[in-house]
Amino acid sequence: MNTAVYPGTFDPVTNGHLDLIERAARLFDKVVVAIATSPGKGPALDIDTRIALTREVVADIGNVEVVGFSGLMTDFMIQQKARVLLRGLRAVSDFEYELQLANMNRAQMPELETVFLTPEVENSYISSTLVREIAKLGGDVSKHVHPRVAEMLKSHYNT
């Protein structure tokens, strides 16, 4: 089975993430959306909420699984029996960091391949950070996230 892992914090999952997940699901037999605990990033949403929301958002995509993880990405890849790591590139500025990650991961796991996908133009400016900031300030994020995510953010930030 050709399995790809799409890791991230998904704090929260956005339409940009969903765009990449949907396209990856057409390219691979299985896509594992790996939601990192990321304690160093201090996520606004707890891991269980991020997993539950992402599962709701991808519920209609049959070959996608959503799981939480912590630790080394290469260890997780081995656990999942996956050799393809999926990463999204929104802008040229993302590339240098992503290339560094890809090379470090390959140094630890030579059989690992990183595949980069770019989002559709209408999703290219969306980031979880911007979505959280807009939601925190009482703005409308409904164009950028699934309706359930928008509802949860409104409740989370009491706006």
Side-chain angles (χ1 to χ4, degrees), residues 1-39 41 43-91 94-95 97-99 101-102 104-106 108-109 111-132 135 141-156:
M1 180 178 282
N2 195 5
T3 301
V5 173
Y6 180 28
T9 306
F10 300 93
D11 185 35
V13 61
T14 68
N15 289 345
H17 294 127
L18 180 59
D19 174 27
L20 293 186
I21 293 166
E22 289 172 335
R23 289 192 291 125
R26 292 191 299 264
L27 296 171
F28 300 97
D29 299 322
K30 180 180 177 183
V31 176
V32 177
V33 178
I35 301 184
T37 54
S38 299
K41 285 187 172 184
L45 305 174
D46 65 64
I47 185 74
D48 292 333
T49 300
R50 290 181 280 138
I51 290 170
L53 282 172
T54 305
R55 284 181 177 155
E56 282 188 57
V57 169
V58 302
D60 294 337
I61 311 171
N63 62 333
V64 174
E65 178 183 356
V66 179
V67 298
F69 86 99
S70 62
L72 285 175
M73 176 52 46
T74 50
D75 290 343
F76 184 78
M77 297 291 290
I78 292 166
Q79 175 191 1
Q80 294 296 312
K81 297 179 176 67
R83 292 185 1 197
V84 177
L85 186 64
L86 176 66
R87 298 295 292 172
L89 294 175
R90 288 180 304 230
D94 292 341
F95 184 73
Y97 174 72
E98 292 295 341
L99 180 62
L101 277 181
M104 182 57 77
N105 283 329
R106 193 170 36 247
Q108 292 181 43
M109 185 180 168
E111 65 275 18
L112 180 126
E113 293 294 340
T114 300
V115 173
F116 298 106
L117 289 179
T118 58
E120 293 290 339
V121 172
E122 65 267 17
N123 295 316
S124 63
Y125 61 91
I126 301 172
S127 74
S128 293
T129 303
L130 291 174
V131 166
R132 281 193 317 272
V141 296
S142 62
K143 293 182 201 170
H144 314 298
V145 297
H146 184 277
R148 177 68 184 101
V149 175
E151 173 187 303
M152 189 283 314
L153 287 172
K154 187 173 179 117
S155 171
H156 180 78

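Throughout, residue positions are numbered sequentially from 1 according to the sequence presented.
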Check your understanding: Is there a donor-acceptor contact under 3.5 Å from the side chain of Arg87 to the main chain of Leu99?
Key -> no

Exercise for review: Verify, without hydrogens or angle tests, whether Asn63 (side chain) and Phe28 (backbone) share a donor-acceptor contact under 3.5 angstrom.
Suggested key: yes

Review point. What class does the angle between the rings of Phe10 and His17 fall in, given that below 30° is parallel, 30 to 60° is tilted and above 60° is perpendicular?
Key: tilted

Point to revise | Atom pair CG (Asn123) and OG1 (Thr118), whose distance is rounded to the nearest 0.5 Å | key: 11.0 Å

Check your understanding: Closest approach of Thr37 and Ser70, non-hydrogen atoms and distance?
Key -> OG1-CB, 3.4 Å

Exercise for review: Check Thr54, Val13, Ile51 against Val33 for a side chain to side chain contact (heavy atoms under 4.5 Å, CB included) and give me the one that passes.
Suggested key: Thr54

**Study point:** Val31 vs Val58 side-chain heavy atoms within contact, under 4.5 Å
**Key:** no

Revision key, fill the gap. When Leu18, Leu53, Val57 are each screened for side chain to side chain contact (heavy atoms under 4.5 Å, CB included) with His146, the one that passes is Val57

Check your understanding: Do the non-hydrogen side-chain atoms of Leu45 and His156 ever get within less than 4.5 Å of each other?
Key -> yes

Point to revise | Electrostatic pair Arg148-Glu151, nearest N-O below 4.0 angstrom | key: yes

Study note, to complete from the structure: Interatomic distance, CZ@Arg23 vs CG@Leu86, rounded to 0.5 Å, equals 9.0 Å

Review point. Looking at side-chain heavy atoms only, is the closest gap between Phe116 and Asp94 below 4.5 Å?
Key: no

Exercise for review: Verify, without hydrogens or angle tests, whether Asp11 (side chain) and Ser128 (backbone) share a donor-acceptor contact under 3.5 angstrom.
Suggested key: no

Review point. What is the minimum heavy-atom distance between Gly16 and Ile126, and which atoms define it?
Key: N-CD1, 4.4 Å

Revision key, fill the gap. Thr14 and Ser127 have their tightest heavy-atom pair at CG2-C, 4.3 Å

Check your understanding: Can you find a heavy atom in the side chain of Leu112 that is under 4.5 Å from one in the side chain of Met73?
Key -> no

Exercise for review: Measure the spacing between OG1 of Thr74 and CG of Asn105 and express it to the nearest 0.5 Å.
Suggested key: 6.5 Å

Exercise for review: Please name the pair of heavy atoms, one in Leu20 and one in Gly88, separated by the smallest distance, quoted to 0.1 Å.
Suggested key: CD1-CA, 3.4 Å

Review point. Counting only N and O atoms by type, is there a donor-acceptor contact under 3.5 Å from the side chain of Arg50 to the main-chain atoms of Ala44?
Key: no

Exercise for review: Kindly give the heavy-atom pair with the smallest separation between Gly68 and Ile47, and that separation in Å.
Suggested key: CA-CD1, 4.5 Å

Check your understanding: Is there a donor-acceptor contact under 3.5 Å from the side chain of Asp29 to the main chain of Asn2?
Key -> yes

Exercise for review: To the nearest 0.5 Å, tell me how far Ile61 CD1 sits from Glu22 CD.
Suggested key: 4.5 Å

Practice item. List the atom of Tyr125, the atom of Leu130, and the distance in Å for their closest heavy-atom pair. Key: O-CD1, 3.6 Å

Check your understanding: Measuring from Asp19:CG to Glu120:CD, what's the distance to the nearest 0.5 Å?
Key -> 5.0 Å

Exercise for review: Identify the residue among Gln108, Glu111, Arg83, Met109 that makes a side chain to side chain contact (heavy atoms under 4.5 Å, CB included) with Met77.
Suggested key: Met109

